[in-house]
Amino acid sequence: MLFSKLLLPTLKDAPQEAEVISHKLMLRAGMVRKVASGIYTWLPMGLKVLRKIENIVREEMDASGAQEVLMPMVQPKELWDETNRWEKMGPELLRIQDRHKRDFCLGPTHEEVITDLIRNNVKSYKELPLNIYQIQTKFRDEVRPRYGVMRGREFLMKDSYSFNIDEACLEETYLTMRNTYKKVLERMNLDYKIVSADSGAIGGDASEEFHVLAETGEDTIAVSDSSEYAINTELLLKDGEDISSLEGKPSPDGKGTIEIKKGIEVGHIFQLGKVYAEDMKANVLNNEGKASTLYMGCYGIGVSRLVAAAIEQNNDDKGIVWPHSIAPFDINIIAIGFEKDQKIAEASYNLYKELIEMGYDVLLDDRKDGFGTKIKDSELIGIPMNIIIGKQFLETEEIEFRTRSGDTSLSKISDSQTILDFFKDK
RNA sequence: CGGGGUAUAGCGCAGUCUGGUAGCGCACUCGCUUUGGGAGCGAGUGGUCGUAAGUUCGAAUCUUACUACCCCGACCA
């Protein structure tokens with residue numbers, strides 16, 4: 001992509017509406033713009049990151065054996081009546097009517113729609129287990145949207161639903177998903193904790209949350225200082241107890257003592273059991289030829305929230321520091337004097353083409369601006385690798401490589417392998 | 001919904017107390033000079049001061065109502 005053609009409105013000052021660092025940087029780096037409270041437009045730079053995360057999630061889901069579908073955002077009241085959630089959900093469920101005055105809602109989650117699909121189309125235990133997922137826009141009319149896309153009302157989520165013949169089989173799928181989520185977060189290079197949780201309004205038996213650790217996290221979690229154990233502090237507190245009183249107490253798992261941390265909940269996995277299947281009469285025939293109520297699990301990852309969470313964990317005073325796997329571009333070629341000097345223009349354009357052919361996602365900063373402007377923008381938007389073609393090149397044919405963290409090296413432009421070797425170690 | 005705050009050009013802000021017909025920095029446009037850390041000079045574009053009503057000869061400024069947005073709390077990927 002040529003920088004001069006890209007809709008990338010970077011800002012020197014963060015708009016006053018933004019409070020937390022990720023929100024500020026997403027606005028400054030031209031990733032999103034607000035349309036209404038909790039509702040955002042994703043600009044090209046933001047969408048590129050969103051798609052990269054989406055693809056990591058998709059790859060890992062597919063690898064786990066799950067199958068992708070796409071369900072509607074608009075859902076009829078009748079389905080929600082079956083589980084009584086039309087009543088239970090309250091004002092968070094955004095209700096609308098069509099031209100015939102029939103009631104619908106904007107989907108905040110899809111248990112009803114998917115269970116309806118499965119009960120109508122799956123008849124035998126032989127077709128199980130099934131794990132069906134989608135990556136789709138959700139709408140929850142949050143009481144208080146906050147922190148940009150971190151808690152939007154409209155947001156992108158991967159939600160999956162498993163259908164199992166019995167509890168043991170559900171447990172197995174649950175563990176597979178647990179592992180899948182670990183892989184997703186590890187591929188994104190995020191520091192996270194798996195936290196025992198309250199299953200909340202969605203209901204069911206067992207549930208765990210995946211938290212990306214960050215100071216600005218909305219949740220407080222208690223972690224053991226000497227094991228993997230972590231639990232939502234809500235589950236540990238007795239009436240009237242203060243969160244800080246937990247610090248230093250023995251960890252409930254018997255290993256080490258409790259530390260209090262802040263986390264951003266980016267994933268949540270549940271063993272729902274038979275709740276929804278019973279309400280909606282979702283059965284299959286078992287191996288004895290008798291109707292058997294399905295066991296369900298549901299598993300969510302906040303894809304758009306992960307964008308914000310990744311920034312919360314990876315930034316410095318200059319801007320975003322993207323983990324390589326989700327950076328909007330791998331390499332930014334900063335061409336100084338692109339407009340003026342044909343030698344620079346040709347060299348940088350050829351290198352740009354060459355790197356794209358090698359499979360890299362490359363940005364070429366062909367703007368008329370000077371070095372300062374270009375490197376500031378590159379640091380702000382957090383491109384991991386930079387190649388600077390300027391004065392040095394005109395004198396000695398050398399170009400400079402520079403990582404986002406500031407490591408630099410020089411090489412002849414003809415030796416592009418050196419470039420890649422340099423970046424490979426970083 | 002309870003509490004607190006903000007609203008003036010795309011972004012950041014001044015002007016409001018003490019009413020006199022809107023300004024600064026950045027961005028943007030044109031020209032020339034620049035180009036290795038957000039360049040310089042010159043000339044420009046852009047605002048019914050959140051909305052509505054009121055007070056006044058005159059309102060960004062005073063009064064009232066409303067709206068939007070942000071922060072703290074209950075809820076959640």
Side-chain angles (χ1 to χ4, degrees), chain A residues 9-20 23-24 27-28 30 33-39 53 57 88-93 108-110 135-160 181 197-202 207 209-212 216 218-219 232 234 263-270 298-309 318-319 334-341 344 365 367-380 386 388-395 398-400 402 406 408 410:
Chain A
T10 56
L11 300 170
K12 281 186 190 171
D13 302 301
Q16 42 126 298
E17 71 191 47
E19 192 74 12
V20 298
H23 190 196
K24 285 182 180 167
L27 291 168
R28 288 190 55 209
R33 287 294 183 262
K34 184 177 68 188
V35 175
S37 179
I39 299 176
I53 296 176
V57 171
K88 273 192 233 162
M89 289 288 286
E92 190 177 308
L93 189 66
T109 176
H110 282 67
I135 297 173
Q136 191 234 22
T137 301
K138 296 279 182 280
F139 195 95
R140 295 184 187 172
D141 202 356
E142 294 277 348
V143 179
R144 185 146 95 84
R146 244 199 297 208
Y147 302 158
V149 301
M150 186 105 83
R151 174 184 298 287
R153 290 190 290 173
E154 188 176 299
F155 58 96
L156 190 67
M157 176 176 173
K158 188 287 300 177
D159 49 325
S160 49
Y181 280 28
D198 184 11
S199 46
I202 292 184
S207 92
E209 297 168 348
F210 288 72
H211 283 258
V212 168
T216 43
E218 293 186 83
D219 297 281
N232 198 312
E234 287 161 25
I264 301 166
E265 185 189 348
V266 296
H268 202 158
I269 55 179
F270 298 85
C298 80
Y299 320 93
I301 287 189
V303 178
S304 47
R305 178 177 284 181
L306 270 172
V307 178
K318 293 172 179 160
I334 296 178
I336 304 157
F338 186 92
E339 292 225 348
K340 196 182 173 187
D341 196 304
I344 298 264
D365 196 341
R367 294 175 300 171
K368 208 178 169 181
D369 303 80
F371 176 75
T373 303
K374 293 186 176 189
I375 194 76
K376 290 280 184 199
D377 271 343
S378 189
E379 285 164 343
L380 174 62
N386 291 277
I388 301 156
I389 303 185
K391 207 178 266 175
Q392 190 85 38
F393 172 73
L394 291 176
E395 287 163 11
E398 280 177 314
I399 56 182
E400 181 186 330
R402 182 198 293 233
T408 61
L410 284 175

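Here is the naming used below: chain letters follow the sequence lines, and residue numbers restart at 1 for every chain.
The distance between atom CZ of A:Arg144 and atom C1' of B:C75, rounded to the nearest whole Å, is 11 Å.
For A:Glu142, the side chain to side chain donor-acceptor pair (under 3.5 Å) partners are A:Arg151, not counting sequence neighbours. Residues passing the side chain to side chain donor-acceptor pair (under 3.5 Å) test with A:Arg146 are A:Glu218, sequence neighbours excluded. Taking the side chain to side chain contact (heavy atoms under 4.5 Å, CB included) definition, one finds that A:Lys138 meets it with A:His110, A:Gln134, A:Gln136, A:Phe155, A:Met157, A:Asp159, sequence neighbours left out. Judged as a side chain to side chain donor-acceptor pair (under 3.5 Å), and not counting sequence neighbours, the contacts of A:Glu398 are A:Gln392, A:Thr396. Applying the side chain to side chain contact (heavy atoms under 4.5 Å, CB included) rule to A:Lys318 yields the partners A:Asp316, A:Glu379, A:Arg404; only residues at least two apart in sequence or on another chain are considered. For A:Tyr181, the ring-ring contact (aromatic ring centres under 6.0 Å, His included) test picks out A:Phe210, with sequence neighbours left out. Under the side chain to side chain donor-acceptor pair (under 3.5 Å) criterion, A:Asp377 pairs with A:Thr10, A:Arg367, sequence neighbours left out.
The base of B:G38 does not come close enough to the side chain of A:Glu379 for any donor and acceptor atom to sit less than 3.5 Å apart.
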Measure all distances between protein nitrogen or oxygen atoms and nitrogen or oxygen atoms of nucleotides 67-69 of chain B, and list the pairs falling under 3.5 Å.
unit_1 : atom_1 : unit_2  : atom_2 : d
B:C69  : OP1    : A:Ser37 : N      : 3.0
B:C69  : O3'    : A:Lys34 : NZ     : 3.1
B:C69  : O2'    : A:Lys34 : NZ     : 3.4

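Nucleotide B:U55 is matched to nothing when pairs are restricted to Watson-Crick or G-U wobble geometry with both distances under 3.5 angstrom.
Side-chain proximity of A:Phe155 to the nucleotides B:G37, B:A77, B:A74 is greatest for B:A77. Counting only heavy atoms from C-beta on, A:Arg146 has its side chain closest to B:C75 among B:C75, B:A77, B:G37.
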Where protein sits on nucleotides 24-35 of chain B, one letter per nucleotide: B base, S sugar-phosphate only, - none, heavy atoms under 4.0 Å: --S-------BB
